[in-house]
Amino acid sequence: MLTAIAGMPAPDGTLHPDLVAVHTVVLVKDGRRWKIGVFAATPALRSAPADAVAVLAAEFAG
């Protein structure tokens, strides 16, 4: 399982906290091949406190 946090910068380079999302991928090994079992993208505002989303947005902004 891999969990990643991503954001979408605006044209002016700022990152709005509403555009931060949590992505989750679960890989399953089928014999010798790996396959994607689950892929989910959830807006961070639905799954994290607003102050935590603001901290993540600040990290992306640099």
Side-chain angles (χ1 to χ4, degrees):
M1 182 172 100
L2 170 71
T3 301
I5 300 167
M8 300 289 284
D12 66 359
T14 60
L15 184 66
H16 195 281
D18 289 346
L19 301 177
V20 177
V22 177
H23 299 275
T24 303
V25 177
V26 177
L27 299 174
V28 179
K29 193 166 186 179
D30 181 15
R32 297 177 65 189
R33 297 178 50 185
W34 286 96
K35 297 181 179 182
I36 296 174
V38 175
F39 175 80
T42 306
L45 289 177
R46 293 185 188 165
S47 60
D51 58 334
V53 175
V55 169
L56 292 172
E59 287 182 17
F60 281 113

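Here the structure is a predicted model, which is why all the values come from computation and not from measurement. Below, each value reflects all heavy atoms present in this structure, side chains not excepted, and no hydrogens, waters or symmetry copies.
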Discussion item. As an exercise, state the distance from OG1 of T42 to NE2 of H23, rounded to the nearest 0.5 Å.
Written reply: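 Answer rounded to 0.5 Å: 9.0 Å.
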Practice prompt. Decide whether V22 and V38 are clustered together by the hydrophobic rule: side chain heavy atoms of Ile, Leu, Val, Met, Phe, Trp, Tyr closer than 4.5 Å, transitively.
Written response: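 Per the 4.5 Å side-chain linkage, V22 and V38 are not co-clustered.
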Worksheet entry | Heavy-atom neighbours of I36 CD1 exceed 12 at 6.0 Å |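 Not more than 12 within 6.0 Å, no.
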